[in-house]
Protein chains: 2
Amino acid sequence: MAHEQNKAVARNSLLLRSLPDQHVETLLSHGSFRHYDRGETIFLQDEEAAEIHVMIEGWAKLFRIAPNGSETVVSVFARGESFGEAVALKGARYPVSAEAVTPAEVLHIPSSLLVSLMKQEPQISISILASTFAHLHSLVEQLEQLKAQTGAQRVAEFLLKLCRCDSGGCEVVLPYDKVLIAGRLGMKPESLSRAFARLKTAGVEIKKNHAVIEDVQKLRGYAEIDPAEAWHKGGTAQ
Amino acid sequence: MAHEQNKAVARNSLLLRSLPDQHVETLLSHGSFRHYDRGETIFLQDEEAAEIHVMIEGWAKLFRIAPNGSETVVSVFARGESFGEAVALKGARYPVSAEAVTPAEVLHIPSSLLVSLMKQEPQISISILASTFAHLHSLVEQLEQLKAQTGAQRVAEFLLKLCRCDSGGCEVVLPYDKVLIAGRLGMKPESLSRAFARLKTAGVEIKKNHAVIEDVQKLRGYAEIDPAEAWHKGGTAQ
DNA sequence: CGTCATCCATGACTATGGTCAAGGATACAG
DNA sequence: CTGTATCCTTGACCATAGTCATGGATGACG
């Protein structure tokens with residue numbers, strides 16, 4: 001049965017994998033698996049949070065709609081990752097909305113259950129804090145990237161994170177469509193196109209939905225150094 | 001003795017105020033208060049985190065130095081706020097550095113102590129999660145602001161957060177120097193100057209280190225609407 | 001096979017903000 | 001009062017990316 005598959009993934013999720021089996025079973029038996037179609041809403045900004053969400057299959061994005069109508073993608077989650085921990089435990093309202101960007105399978109765990117387990121088993125708190133910290137960390141990284149790097153450099157880092165090789169050439173599949181990649185990297189689709197075009201200089205070729213990286217080291221260099229320097233080899237002022 | 005003052009502030013901090021007195025006393029008696037001069041380092045990126053930090057007096061910034069040398073201010077903390085909870089409990093390395101930006105008094109609480117208290121008192125975990133969530137939330141807001149607002153709009157929101165009035169006029173004191181404000185808002189000091197200049201349109205006058213807001217509502221309007229529309233009153237496409 | 005829709009690339013134009021350089025204000029020391 | 005340091009503002013210039021408009025590729029469907 002598909003549920004067994006799902007449970008296996010859940011047991012391996014970042015949130016649950018370090019918990020004692022007994023508690024994992026309790027959580028699984030009270031949690032619910034649900035399917036979402038592409039584009040379907042998982043929760044909305046300002047809704048009261050009562051559940052923690054674990055991605056079992058597919059991708060989901062967290063995003064905010066600003067008063068002026070523009071959308072900001074805050075993060076994108078894949079199989080094994082979870083979100084909403086801190087909000088749900090605080091019983092606060094979601095600061096973001098969540099939506100499936102591919103067909104997706106999500107495990108929902110009621111936060112009340114977690115709170116009561118936390119009282120018995122402090123290890124759970126540590127687990128939750130750990131995954132919350134991971135989000136914190138990734139947001140900090142995003143902030144830095146947004147403030148200190150150009151669009152093309154952010155794309156370069158994005159590609160580097162996707163490919164698992166340390167050196168030499170590499171070919172990666174773009175995990176979701178370009179509109180979403182652009183959003184995730186804080187730019188418009190048009191800018192993403194242009195960023196791809198610039199990366200040809202750094203030995204990257206885009207074909208359909210996969211990218212061919214000629215030399216990982218070279219690309220890494222492009223991502224980290226100020227682009228002006230990559231050009232005419234100047235010295236930094238400070 | 002000054003220590004009593006300090007302890008009073010600590011007891012009122014966001015992290016400790018909701019804890020039972022008994023535990024607060026334990027934490028205080030094992031924590032240490034320390035003074036920092038302006039510009040002094042509190043901790044460095046990549047150091048191992050073993051303490052939680054509570055601001056008692058003054059201001060501190062969290063920041064990252066990118067490989068290319070540019071600094072990103074991630075957050076600024078004031079009296080009563082705390083940072084480093086999630087990292088310290090996970091025993092990970094700091095993803096950011098911290099530095100006093102004014103003369104400051106900081107309470108350091110060993111994380112090992114907190115871990116053992118968490119085992120006795122689940123309420124502590126909730127407290128910590130709450131303040132971690134607050135950070136998470138503020139980072140999300142920053143991301144949104146950076147992606148969806150212009151510099152002048154970010155400055156407008158910054159001023160609005162400082163003034164506690166809901167309508168009418170208002171005068172606020174800029175809490176720290178303009179270089180830091182600029183950093184906190186993701187821009188260079190020059191851009192901050194220009195943003196201030198633009199805000200004259202929205203009824204804001206800057207004199208030395210305080211800002212006079214003519215009409216809070218008006219400024220709020222400026223912060224939220226797309227600046228192009230504030231100009232020629234167009235309709236949004238989408 | 002043609003039609004239509006979707007997604008993506010590209011061009012032209014504009015605005016926002018970074019960089020560099022210069023100049024004004026303020027505070028403080030002598 | 002003068003010299004100096006620090007901080008802030010302003011101007012000129014330019015790179016980056018947003019906006020708008022167009023056109024091409026791909027794929028679903030009749």
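A quick note: this is a predicted structure, and the numbers were derived from the prediction, not measured. Chain letters run A, B, ... following the sequence lines, proteins first and then strands; every chain starts at 1.
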*Asks:* Tell me which nucleotide among D:dA17, D:dA12, D:dT19 gets nearest to the side chain of B:R194.
*Replies:* D:dA12

*Asks:* For A:Y176 and for A:K147, locate the closest nucleotide of DNA chain C by heavy-atom distance; then report the residue assigned to the nucleotide nearer the 5' terminus.
*Replies:*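 Result: A:Y176.
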
*Asks:* Between B:I206 (CD1) and D:dT10 (P), how many Å, whole number?
*Replies:*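 One finds 11 Å between P of D:dT10 and CD1 of B:I206, rounded.
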
*Asks:* Is the ring centre of A:F43 less than 6.0 Å from the ring centre of A:H53?
*Replies:*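 A:F43 vs A:H53: aromatic centres under 6.0 Å.
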
*Asks:* Holding to ring-ring contact (aromatic ring centres under 6.0 Å, His included), I want the full list of residues that pass it with B:F158, two or more places apart in sequence or in another chain.
*Replies:* none

*Asks:* Looking only at side-chain atoms of B:R38, point me to the closest of C:dA12, D:dC7, D:dT9.
*Replies:* D:dC7

*Asks:* What is the distance, rounded to the nearest whole Å, between atom CG of B:N68 and atom C1' of C:dT19?
*Replies:* 14 Å

*Asks:* Please, what dot-bracket string fits DNA chain D when only Watson-Crick and G-U pairs with both distances under 3.5 Å count, crossing ones use [ ] and pairs to another strand use |?
*Replies:* ||||||||||||||||||||||||||||||

*Asks:* Rounded to whole angstroms, how far apart are CD on A:E190 and P on D:dG23?
*Replies:* 16 Å

*Asks:* Measure from CD on A:Q149 to P on C:dG18 and round the result to the nearest Å.
*Replies:* 15 Å

*Asks:* Side-chain donor or acceptor of B:R198 under 3.5 Å from a matching atom on the base of D:dT10?
*Replies:*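 Not at all, since no donor on one side and acceptor on the other fall under 3.5 Å apart.
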
*Asks:* To the nearest Å, give me how far apart CG (B:L146) and P (C:dG17) are.
*Replies:*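 The answer, rounded to whole Å, is 10 Å.
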
*Asks:* So which one's nearest nucleotide on DNA chain D is more toward 5', A:M187 or A:K208?
*Replies:*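 With A:K208 and A:M187 compared, the 5'-side residue is A:M187.
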
*Asks:* If you check every side-chain atom of B:S193, which of C:dG11, D:dT9, C:dG18 has the closest atom?
*Replies:* D:dT9

*Asks:* Rounded to the nearest 0.5 Å, what separates atom CG in A:L107 from atom OG in A:S13?
*Replies:*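 Reported value, rounded in 0.5 Å steps: 7.5 Å.
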
*Asks:* Sub-3.5 Å donor-acceptor pair from the side chain of A:R220 to the main-chain atoms of A:D166, do we have one?
*Replies:*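 Indeed, once roles are kept as given, a pair shorter than 3.5 Å links the two residues.
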
*Asks:* Tell me the interatomic distance from A:K207, atom NZ, to D:dA25, atom P, rounded to whole angstroms.
*Replies:*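 Distance check: A:K207 NZ to D:dA25 P gives 16 Å.
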
*Asks:* Can you check the A:L185 CG to D:dG18 C1' distance for me, whole Å?
*Replies:* 16 Å

*Asks:* Is the phosphate of C:dC20, meaning OP1 or OP2, less than 4.0 Å from a side-chain N or O of B:K188?
*Replies:* no

*Asks:* How long is the line joining CZ of A:F196 and C1' of C:dA9, in whole Å?
*Replies:*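 It works out to 12 Å between those atoms.
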
*Asks:* Which nucleotide, D:dT9, D:dG18, C:dG17, lies nearest any side-chain atom of B:S191?
*Replies:* C:dG17

*Asks:* Once rounded to the nearest 0.5 Å, what's the spacing between atom CG of B:N6 and atom NE2 of B:H35?
*Replies:*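 Rounded to the nearest 0.5 Å, the CG-NE2 separation comes out at 11.0 Å.
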
*Asks:* Work out which heavy atom in A:A156 is nearest to a heavy atom in A:L219; give both atom names and the distance.
*Replies:*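 So the two residues come closest at CB-CD1, 3.8 Å.
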
*Asks:* Listed by chain and number, what are the ring-ring contact (aromatic ring centres under 6.0 Å, His included) partners of A:F63, not counting sequence neighbours?
*Replies:*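 Partners of A:F63 under the ring-ring contact (aromatic ring centres under 6.0 Å, His included) test: none.
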
